[in-house]
Amino acid sequence: MNSRRSFIKKSLAGAALLAFPLSGEAFFKKESTRIVILHTSDLHSRIDPFPKDHPHYPGKGGFAQRAAQIQKIRKENEHVLLFDSGDILQGTPYFNFYKGQPEFELMSRMGYDAATLGNHEFDNGLEALNQLLPHATFPFISANYHFENTALKGKISPWKIFQKGRVKIGVLGLGIDPKGLIADSNYRGMEWSNPLETGETTAAYLKQQGCHLVVALSHLGLQMDRGRYDDIQLAAHSTNIDLILGGHTHSFMERPLLTQNAAGKEIPILHSGQHGVQMGRLDFEFGSKAEESPYQLLNG
Amino acid sequence: MKVLFQFLLLLLLATAACQSPPVSHRLQHFEIIELDDPDLADTTLLAYIQPYRDSLNEAMNEVLVHNEERLIPTKPESPLTSLVADMVLEQGMAFIHEASLPNHPAVALINSRGLRSPLPQGKVLRRHAFEIMPFENVLTAVLLDGRQTLALFDHIYSENGDGLAGATCDFTPDGTQNIRINGKALQTTAHYWIFTSNYLAEGGDGYSMLSEADTIISSSYAIRDIIIEKLQAYASANKKVPHQFSTRIKDLR
């Protein structure tokens, strides 16, 4: 445990230097493309901001405040992608009373591009989730939850490709082992597969499809015990995932955690806290400018 | 010769173009955006939220009871876990009676992590009951034999305690000892009712011995409703919400 901690610290110390060579098109030589990736996780139905006298998060969060920030960033940037790593639901009476409809509708209005399923998305069972899905105009993606034998058959995609200018971003979703975490009756018929293997296979496929960046939306947790897979293991096992946007452990970070993948390259893992009190932002630049000074992180 | 060379050069360039030269991507900027100014909110979304908030507030601001001391949920046990376990034990006994199920000594078990917020001092609102118990879990009765009950107490130890009622035990450096149910030492030949949430009854938090039981009976009582009704009952009987509880888990580690 201690050695893992010191490893994380070392990785953080190295966070200033980042570069990721990729195969791509010749026209990238001429101009670069900037993609802004925004990330939330573990929103837990915190539609309203915390009260101003809250001991930990006074006045923080709230869907309308986040929407204003997102809108501002969209005005300033041509290519923005907005993702959530799950556990949108459960945690305030909004969910108990309205069963998730306002959360999904508000996130649709904010223009979320995709989300993955957290364990709390199953809190009212698969049929309730099935009824709720039409209220989201964005897709829920999960590569290792398999719904063929359930009402959700065909409604959850394993991955999605986003074309932003000349850049193709592949996004896949990964969910935590539901056993012992979600009541059996709430996911009956759903199959779960190993996220490390499924994640890497899916990422390799997305690279074959010409994706310049493969993002894993994970609800595995940053660092887990009791034999559960986590984001650090996912990174260490993969060669084709370029970025992990994680959730479940409600982890707050000051900067992305850089960790070595199976090929010895450093890839960033970002967790964006909980309850929407923060939003993570990562700006990637693709193309010639990046090649000129690949080992410099300009700001942040 | 010159023509041939030019041809070869062209061929080489064409092949190189087809192979797609490498393109870099670089993390150029990162930012953790603190969302700490609620006055900077999107007005369209605020207008959408308003009617939901209004009807919710009306329901949630109902006062259930006045409470003299803040009760918190911690491990291995705490006033709030004991209070809720006591409530669940009482409701569980009523359920067994209503459902004409056989009588056995009974234990209530509530996972501390499932209680998400303290019971505040002063006015306790319906909202607080939802914050304490946000999940839609229902009271579930599980019948365990003596050996399964031993395994249950071993797991309570490995969980560093959970809310208990109807039973006491000691946490020693060697594990759980001196388990007493209804004041009597646990007997491996006896059977015991465990009243808990459907979440634990289905093996949640590692309580697999519950999910492996032959008899698991779900009630229609939501744990949160049990908390709300028992708190209201204190108010209508002009009784105080208890804040001192007998020790269930004696920590000798």
Side-chain angles (χ1 to χ4, degrees), chain A residues 18-26 28 34 47-49 59-69 71 90-91 93-98 102 106 109 123-124 180-181 183-185 212-213 253-256 268 276-287 290-291 294 297-300, chain B residues 16-49 51-53 55-57 59-60 116-117 126-127 129-131 133-137 197-208 211 218 222 224:
Chain A
L18 290 169
F20 313 92
L22 270 180
S23 65
E25 306 295 332
F28 276 114
R34 172 189 279 239
I47 289 176
D48 288 332
K60 287 193 176 188
F63 279 41
Q65 186 187 167
R66 189 164 72 255
Q69 280 284 354
Q71 224 165 36
Q90 188 68 266
Y94 276 105
F95 178 64
N96 307 105
F97 270 67
Y98 307 116
L106 286 163
R109 284 164 181 243
D123 277 5
N124 289 341
L181 195 63
D184 284 357
S185 50
H212 301 108
L213 186 85
M253 288 182 170
E254 289 177 3
R255 45 174 59 228
V277 302
Q278 291 182 343
M279 177 166 62
R281 171 179 174 167
L282 299 174
D283 294 11
F284 284 93
E285 193 164 282
F286 296 79
E291 282 187 330
L297 184 66
L298 293 183
N299 49 27
Chain B
C18 288
Q19 279 174 349
S20 301
V23 164
S24 294
H25 72 268
R26 174 175 57 142
L27 178 56
Q28 199 205 27
H29 169 80
F30 71 81
E31 197 178 341
I32 307 295
I33 302 166
E34 291 290 330
L35 298 170
D36 53 4
D37 189 355
D39 298 332
L40 280 180
D42 180 284
T43 49
T44 320
L45 258 68
L46 281 180
Y48 171 94
I49 295 167
Y52 284 99
R53 183 189 294 137
S55 60
L56 192 61
N57 280 342
M60 300 309 273
R116 292 298 177 110
S117 180
R126 184 176 291 271
R127 172 188 309 283
F130 275 82
E131 286 171 1
M133 186 67 215
F135 311 109
E136 304 295 333
N137 290 338
S197 65
N198 59 307
Y199 174 71
L200 292 194
E202 291 182 37
D205 282 3
Y207 282 98
S208 54
S211 61
S218 288
R224 186 193 315 114

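Quick note on labels: first sequence line is chain A, next is B, and so on, each numbered from 1.
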* Minimum heavy-atom separation for B:Leu56 to A:Pro93, with atom names? -> CD1-O, 3.8 Å

* To do: Not counting sequence neighbours, which residues clear salt bridge (charged side-chain N to carboxylate O under 4.0 Å, His left out) with B:Glu136? List them please.
  => B:Arg224

* To do: Using the test side-chain contact (heavy atoms from CB on, under 4.5 Å), find all partners of A:Gln90 that sit at least two apart in sequence or belong to another chain.
  => A:His44, A:Phe95, A:Asn96, A:His120, A:Asp123, B:Pro134, B:Phe135

* Structure fact -> Assert top hit (heavy-atom pairs under 4.5 Å, partner chain B, pool A:Ala67, A:Ala68, A:Ala64) equals A:Ala64

* Compute the ring centroids of B:Phe130 and A:Phe97, then answer whether they are less than 6.0 Å apart. => yes

* Between A:Gln65 and B:Asp37, is there a donor-acceptor pair closer than 3.5 Å when you use the side chain of the first and the backbone of the second? -> yes

* **Part of B:Leu46 within contact of chain A (heavy atom distance under 4.5 Å)** => both

* Residue among B:Ser211, B:Ser208, B:Ser55, B:Ser117 with most heavy-atom pairs under 4.5 Å to chain A -> B:Ser55

* Pairwise side-chain contact, A:Glu254 with B:Ile32, heavy-atom cut-off 4.5 Å (strictly under) -> no

* Asked: Just by modelled atom types, is the A:Asp184 backbone N or O under 3.5 Å from a matching donor or acceptor in the B:Glu202 side chain?
  -> yes

* To do: Taking the side chain as every heavy atom from C-beta outward, state whether B:Glu31 and A:Met279 have any atom pair closer than 4.5 Å.
  => no

* If you count heavy-atom pairs under 4.5 Å with chain A, which of B:Asp39, B:Thr43, B:Leu200, B:Asp36 comes out on top? -> B:Asp36

* Asked: Run the side-chain contact (heavy atoms from CB on, under 4.5 Å) check on B:Leu27 and A:Asp283 step by step: do they pass?
  -> CA-CA 6 Å; B:Leu27 178 56; A:Asp283 294 11; 5.6 Å; no

* Can you find a heavy atom in the side chain of A:Phe286 that is under 4.5 Å from one in the side chain of B:Arg26? -> no

* Where B:Tyr199 and A:Ala183 come nearest, the two heavy atoms and their spacing -> CD1-N, 4.5 Å

* **pair B:Gln28-A:Phe284: side-chain heavy atoms closer than 4.5 Å** => no

* Asked: Are A:Tyr98 and B:Tyr52 near enough that their ring centres are under 6.0 Å apart?
  -> yes

* Quick one: what part of B:Tyr48 sits under 4.5 Å from any heavy atom of chain A, side chain, backbone, both or neither? -> side chain

* Asked: Any side-chain heavy-atom pair from A:Phe63 and B:Asp42 closer than 4.5 angstrom?
  -> no

* Asked: Are B:Glu34 and A:Lys60 close enough, and set up right, to give a side-chain contact (heavy atoms from CB on, under 4.5 Å), and what steps lead you there?
  -> CA-CA 8 Å; B:Glu34 291 290 330; A:Lys60 287 193 176 188; 2.8 Å; yes

* Structure fact -> Between A:Gly276 and B:Leu35, the two heavy atoms sitting closest are O-CD1, 3.3 Å

* Asked: In terms of heavy-atom proximity below 4.5 Å to chain B, should A:Pro102 be classed as side chain, backbone, both, or neither?
  -> both

* Structure fact -> Separation between CG (A:Leu106) and CG (B:Leu45), nearest 0.5 Å, reads 5.0 Å

